[in-house]
Amino acid sequence: HVQLVESGGGSVQAGGSLRLSCTARTGTFSSACMAWFRQAPGKEREGVAAYVSDGSLQYTDSVKGRFTLSRDNAENTVHLQMSSVKPEDAAMYYCAADRHGGSCWYEPDDNYWGQGTQVTVS
């Protein structure tokens, strides 16, 4: 069982910054694809950013230039640096990783999921 644990959520002022982190707690876990998704009340879940299996980074258009995805040297933690935050960014943010060797970005129904971390914007 793969456990993904998010942290770093909280309240941030519009225009401010916040850093989210996701750690894979299973020692044997290895995934080439890890992603952040978010879901706001009344809105559909959307992908925010991802490392896909070919090594490239994907961002949804609305966060390009404002959010930055990174990972540590152990490749068991990913970070989402959120800058110039907008009210529209308020949502529950979920860390995800591919479960079956597919794409965590394009096949999210097959993902492992964290419990989520709430981001509010004031």
Side-chain angles (χ1 to χ4, degrees):
H1 178 66
V2 174
Q3 294 177 293
L4 302 174
V5 181
E6 303 100 333
S7 63
S11 180
V12 60
Q13 293 183 334
S17 299
L18 201 65
R19 183 180 174 90
L20 308 182
S21 298
C22 172
T23 298
R25 297 183 61 188
T26 300
T28 58
F29 174 73
S30 180
S31 178
C33 189
M34 297 188 70
W36 285 97
F37 287 75
R38 66 186 180 187
Q39 187 165 27
K43 308 284 280 189
E44 295 185 5
R45 181 185 65 195
E46 66 171 339
V48 179
Y51 286 108
V52 296
S53 58
D54 67 357
S56 65
L57 274 70
Q58 298 288 332
Y59 295 96
T60 190
D61 286 344
S62 64
V63 308
K64 288 180 178 177
R66 301 188 299 115
F67 291 8
T68 302
L69 189 67
S70 63
R71 58 186 172 191
D72 67 10
N73 291 332
E75 299 185 358
N76 64 349
T77 300
V78 295
H79 307 281
L80 185 68
Q81 179 67 48
M82 305 167 58
S83 300
S84 301
V85 170
K86 300 178 179 180
E88 305 89 85
D89 296 320
M92 183 72 77
Y93 283 72
Y94 298 93
C95 182
D98 60 290
R99 181 189 294 264
H100 298 122
S103 174
C104 63
W105 185 248
Y106 296 106
E107 299 178 321
D109 288 344
D110 292 326
N111 285 342
Y112 293 108
W113 294 97
Q115 294 299 302
T117 185
Q118 183 71 50
V119 173
T120 58
V121 182
S122 61

Distance from [X] atom [atom1] to [Y] atom [atom2], nearest 0.5 Å?
| X | Y | atom1 | atom2 | answer |
| --- | --- | --- | --- | --- |
| Tyr94 | Trp113 | OH | CH2 | 9.0 Å |
| Leu4 | Thr77 | CG | OG1 | 10.5 Å |
| Cys104 | Trp36 | SG | CH2 | 12.5 Å |
| Ser83 | Phe67 | OG | CZ | 8.0 Å |

Which heavy atom of [X] sits nearest a heavy atom of [Y], and at what distance?
| X | Y | value |
| --- | --- | --- |
| Ala90 | Thr120 | CB-CA, 4.3 Å |
| Cys33 | Val52 | SG-CA, 4.0 Å |
| Ala91 | Gln118 | O-NE2, 3.2 Å |
| Met34 | Ala97 | CG-CB, 4.2 Å |

(request) Assess the pair Tyr51 and Trp105: is the distance between their ring centroids shorter than 6.0 Å? (result) no
Test of understanding: clusters of I, L, V, M, F, W, Y form through side-chain heavy atoms closer than 4.5 Å, transitively. Do [X] and [Y] belong to the same one?
| X | Y | value |
| --- | --- | --- |
| Val2 | Val78 | yes |
| Val5 | Tyr112 | no |
| Val63 | Val121 | yes |

Identify each donor-acceptor pair in which a side-chain atom of residues 38-50 lies under 3.5 Å from a protein atom, sequence neighbours left out, and give them as a table.
{"unit_1": "Arg38", "atom_1": "NE", "unit_2": "Glu46", "atom_2": "OE2", "d": "2.7"}
{"unit_1": "Arg38", "atom_1": "NH1", "unit_2": "Asp89", "atom_2": "OD1", "d": "2.9"}
{"unit_1": "Arg38", "atom_1": "NH1", "unit_2": "Tyr93", "atom_2": "OH", "d": "2.9"}
{"unit_1": "Arg38", "atom_1": "NH2", "unit_2": "Glu46", "atom_2": "OE2", "d": "3.0"}
{"unit_1": "Arg38", "atom_1": "NH2", "unit_2": "Ser62", "atom_2": "OG", "d": "3.4"}
{"unit_1": "Gln39", "atom_1": "NE2", "unit_2": "Lys43", "atom_2": "O", "d": "3.2"}
{"unit_1": "Arg45", "atom_1": "NH2", "unit_2": "Asp109", "atom_2": "OD1", "d": "3.3"}

Counterpart residues, side chain to side chain contact (heavy atoms under 4.5 Å, CB included), relative to [X] (two or more places apart):
| X | value |
| --- | --- |
| Glu88 | Lys86 |
| Gln3 | His1, Arg25 |
| Ser84 | Arg66 |

N/O donor-acceptor pair under 3.5 Å between [X] side chain and [Y] backbone:
| X | Y | value |
| --- | --- | --- |
| Asp110 | Arg99 | no |
| Tyr59 | Leu69 | yes |
| Glu6 | Gln115 | yes |

(request) Could you name each residue pair satisfying salt bridge (Lys or Arg N to Asp or Glu O under 4.0 Å) that touches residues 9-19, not counting sequence neighbours? (result) none
Pairs of donor and acceptor atoms involving the side chains of residues 7-15, under 3.5 Å and at least two apart or interchain, shall be tabulated with distances.
none

(message) Taking the side chain as everything from C-beta on, heavy atoms only, tell me whether Gln81 gets closer than 4.5 Å to Ser70.
(response) no
(request) May I ask you to test the Leu20-Met82 pair for a side-chain heavy-atom distance under 4.5 Å? (result) yes
(request) Report yes or no: do Ser21 and His79 form a side-chain donor-acceptor pair below 3.5 Å? (result) yes
